[in-house]
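All remarks here apply to the structure that follows.
Just so it is clear: chains get the letters A, B, ... in the order the sequence lines come, proteins before strands, and each one is counted from 1. A quick note: this is a predicted structure, and the numbers were derived from the prediction, not measured.
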2 protein chains.
Amino acid sequence: MPRPKDPAVRTQLIERAAVMLREREPITLRSLVAGTGVSTMAVYTHFGGMDGLWRALRQEGFTRLGARLRTVALSEDPVQDLAALAAAYLDSALTHPDLYRVMFDASVDLEDLPAADAGLEHLVRAAGRSRDAGRVRADVDPLELAVQSWVVGHGLVSLVATGPLPRAALDHGPVLLTALLTACGDDPQRCRASVERGWHRPAPDDERTPIA
Amino acid sequence: MPRPKDPAVRTQLIERAAVMLREREPITLRSLVAGTGVSTMAVYTHFGGMDGLWRALRQEGFTRLGARLRTVALSEDPVQDLAALAAAYLDSALTHPDLYRVMFDASVDLEDLPAADAGLEHLVRAAGRSRDAGRVRADVDPLELAVQSWVVGHGLVSLVATGPLPRAALDHGPVLLTALLTACGDDPQRCRASVERGWHRPAPDDERTPIA
DNA sequence: TTACATGGCATAGCACTGCTATGTTTCATC
DNA sequence: GATGAAACATAGCAGTGCTATGCCATGTAA
């Protein structure tokens, strides 16, 4: 019997927050609702406060990242696919560095871990296919290989996006990935070729993720 | 002819900020100076504001990290030393996760890049010694190998310290490091043994870094 | 159709943040 | 000593997130 909360307000606020994040404007309670016609209380009814807004923003980031990874077309070469997924991950993070920072900055809430896992799942599948195809040894755990790839990707993008390393350092990506997969049993030359192919695969045209 | 600023105040404030960081108390201008006898203006004369304090804290973190790396005793096995340095890096970061977060959180100022480079320099030297000893190919650039090791270490410690990955994920460290060095030409078995030796080397007794 | 109650939403004010304008004190220099 | 510049203390500023309070829209029930 109560008045239902307008979901449009929620998406409007998240969208606006994402834009402000991209424009590098400081996101404050009042600056967020300014011009939207809604009052500051809307933030509390929809998100429970600014913390909730940041959490929603973080979750939205994971959702978008997952969507981006889903656009990576799979081939018959699972190693190439793994590299393509890693490249897409880096590309997405570096295209929206502020959103990426929000995603991993604060102490991650347990509730948006599933969203992060959903993204990781793509890597796990590629790793599993690599194993099934005999590219890596049968005793390689797909999850472990996926996590290791994630570690490499996250380390790379963090050090590049946050400042210390120049953009050119991204070239270490294929090297590290090849080293990892080769250590898992893939043939060095073939691995190198697959990784290079996947790494430099062009992004899909609809790369324009509306968020941030 | 002016009155000189008391350097003791500066170190007192930094030390107190580090303690508050470790205690997970929010560091605000007023809470920082509370109980110290100095007024809020001291923060401005010594650091130019809160931003300057964070910057000083960041620099102090890099200094401490460099000091920690310097305590790693070198052996005749440069690969083992590289692994020991990486392990010390992880250990230092995970012992003081909040300080580590401050170091890499915000956009890094160019002025404290030298401090970060000083820490990296240890890795570069170990990489160079590995090359000179013939453990890795002659065409391996020590700086590149050091950066790649850094990427692995930073990715690992970030994902573990910030939440997504459990502490047990640190075990991926030796795997990744071995993969990297093996790809650089080291013998797989020998490399693995060296890395394991360096990784599990006990920390020096005076590990108690006074900061944070 | 009408009365009601429930929760969305607006307004105003709270304690707190970093910062600055304005004195007051202190000390190296002449 | 006298001087003057800088360190330092005090008070007040705009802005922050949040909450107490009241109004009003809306789905349900009579």
In whole angstroms, how far is the P atom of D:dC13 from the CG atom of B:L29? 18 Å
Considering every strand and a 4.0 Å limit on heavy-atom distances, what is the contact class for B:L53: base, sugar-phosphate, or nothing? nothing
Please list residues of residues 36-48 of chain B whose heavy atoms come under 4.0 Å from any atom in DNA chain D, ordered by number; otherwise none. B:G37, B:V38, B:S39, B:T40, B:M41, B:T45, B:H46
Listed by chain and number, what are the ring pair (Phe, Tyr, Trp, His ring centres under 6.0 Å) partners of A:H154, not counting sequence neighbours? A:Y100, A:F104
Under the side chain to side chain donor-acceptor pair (under 3.5 Å) criterion, do B:R135 and B:S194 qualify, and how do the steps go? CA-CA 11 Å; B:R135 293 293 292 271; B:S194 292; 3.0 Å; yes
Atom CD of A:E25 and atom P of D:dG15: how far apart are they, to the nearest Å? 16 Å
Selection from C:dT17, C:dC19, D:dG17 that lies nearest to any side-chain heavy atom of B:M50: C:dC19
Expressed in angstrom and rounded to an integer, what is the separation of A:D51 atom CG from D:dT19 atom P? 11 Å
For A:M50 and A:V43, the nearest pair of non-hydrogen atoms, with its separation, is SD-CG1, 4.2 Å
Shortest non-hydrogen pair, A:I14 vs A:L57, comes out as O-CD1, 3.9 Å
Using only heavy-atom distances, decide whether a donor-acceptor pair under 3.5 angstrom links the side-chain of A:R30 to the base of D:dG17. yes
Nearest atoms (heavy-atom pairs only) where B:F62 meets B:A115: CB-CB, 3.5 Å
Quick test of your reading: applying side chain to side chain donor-acceptor pair (under 3.5 Å), list the pairs with at least one residue in residues 34-47 of chain B, sequence neighbours left out, ordered by first then second residue. none
To the nearest Å, give me how far apart CD (A:Q12) and P (C:dG8) are. 17 Å
